[in-house]
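Each remark here refers to the structure printed beneath this line.
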2 protein chains.
Amino acid sequence: MKPEILELENFLPYRLYRLADTVSREFSRIYKERHGLTRPEWRTLSGLGQRGMMTATELGEQSAMHKTKVSRAVAELERRRWLTRAPDENDRRVEHLTLTKAGLAAYREMVPLAKAFEREVLARLSEEERAAIVRGVAALEEALSSS
Amino acid sequence: MKPEILELENFLPYRLYRLADTVSREFSRIYKERHGLTRPEWRTLSGLGQRGMMTATELGEQSAMHKTKVSRAVAELERRRWLTRAPDENDRRVEHLTLTKAGLAAYREMVPLAKAFEREVLARLSEEERAAIVRGVAALEEALSSS
DNA sequence: TTTCGATGGTTACAAATGAAACCAGTTTGG
DNA sequence: CCAAACTGGTTTCATTTGTAACCATCGAAA
């Protein structure tokens, strides 16, 4: 362990990134194969399915997406007729987004698959390991959110 | 918690991705501002600095990069004269990559910054939380590597 | 009320990425 | 010995992404 050497394999930013990339890549197969969705599109669908009605800005906050990603994802889901836009009464810049029947159907189909995926990944860990990853991730999120 | 609803904020793939993205984004400022490196370029520099001499394929394995990323990163670092290629004696398809003095200097300058970054992030956690994230990440890596 | 800075959202453009085709060289099996 | 399969690495092309500029609207202050 010479001090001037950095071991990439043990470097937290790298490990986190690779791990997230692996998990995300594997999970994305589900919505990609199933419906040809991109990640931003999946997150948009997921956000609207969960909350019911949101603005693009809210979507961006909830799912940590840049507003251009939101904009494009919304445009695509609208093109598929999976969501519709409704103007805001008081502020004409704002649009309220809602899933259509078709969008909701896709969402309802995806949810069990997503949950199963998560469950299966976590099932490979011991009880302590599961607790550790949950605790560690939460702690890091908290630590970084205030920076 | 209706069963048909997925809470994105508690969904592991999403949380992991967002966390890694935040950390990686923050860390990237260091090598981006300092030397205008991209992530693949940083990883290449880091890999070669750590191991001394590697082929492009080895680099891809060590740092989990697609071979096109490696190829492009290597090309750019070569353009900067931060690394050189040496043909393999036995296999003329293979090139052995090494950092030049300039590349090594950049690497040596980056290592303490990288370590400091990691230290500072971890310093915001309690001892237990640090142990948890390390344990959890290792466990997940292990669980996914064999899938 | 007019003006000016902020805000919701879209678009244009350049850079980064992934998939697949590709080239050169190497190995294997017949 | 030769063809076919394979491997290291590069390139091409289409897609995705981020930045910044942009448009329209809004709110506050003069």
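Below, chains carry the letters A, B, ... as their sequence lines are ordered, and counting in each starts from 1.
- Side-chain contact of B/E9 with A/Q62: a donor-acceptor pair under 3.5 Å is present, judged by distance alone.
- Between B/W82 and B/H35, the ring planes are perpendicular. Angles over 60° get that label, and only those under 30° would be called parallel.
- When heavy atoms are screened at a 4.0 angstrom cut-off, B/N90 is found touching the sugar-phosphate backbone but no base atom.
- Remark: C1' of D/dT7 and CG of B/D91 are 8 Å apart, rounded to the nearest angstrom.
- Going from atom CD of A/E58 over to atom P of C/dT7 covers 15 Å, rounded to whole Å.
- Contact annotation: A/R85 reaches the phosphate of C/dT10 (side-chain N/O to OP1 or OP2, under 4.0 Å).
- A salt bridge links B/E109 with B/R34: the distance from a Lys NZ or Arg NE/NH1/NH2 to an Asp or Glu carboxylate oxygen falls below 4.0 Å.
- Of all non-hydrogen atoms in B/L6 and B/F11, the two that sit nearest each other are CD1-CD1, 3.8 Å.
- Whole-Å rounding puts the A/D21 CG to C/dA16 P distance at 18 Å.
- The shortest non-hydrogen separation linking B/Y17 to A/A20 is CA-CB, 3.7 Å.
- Atom NZ in A/K69 sits about 16 Å away from atom P in D/dA20, given to the nearest Å.
- For C/dT7, the base has a donor-acceptor partner in the side chain of A/R93 [N/O atoms by modelled type, under 3.5 angstrom].
- The base of C/dG18 is paired with the side chain of B/R72 by a donor and an acceptor separated by under 3.5 Å.
- In this structure, the CG atom of A/D88 is 11 Å from the P atom of C/dG8, given to the nearest Å.
- Residue A/K67 places its side chain closer to C/dG8 than to any other of D/dG9, C/dG8, D/dT19.
- Nearer to the 5' terminus of DNA chain D, by closest-nucleotide assignment, is the contact made by A/H66 (compared with the other of A/H66 and A/R92).
- When each of A/R39 and B/T68 is assigned the nucleotide of DNA chain D with its nearest heavy atom, B/T68 is the one assigned upstream, toward the 5' end.
- Atom CD of A/E61 is separated from atom P of C/dG9 by 10 Å (rounded to the nearest Å).
- Taking atom CE of B/M65 as the reference point, atom C1' of C/dT17 lies 13 Å away to the nearest angstrom.
- Side-chain proximity of B/T57 to the nucleotides C/dG9, D/dG9, C/dT17 is greatest for D/dG9.
- Summarising the geometry, the separation between CD on A/E95 and C1' on D/dA24 is reported as 12 Å, rounded to the nearest angstrom.
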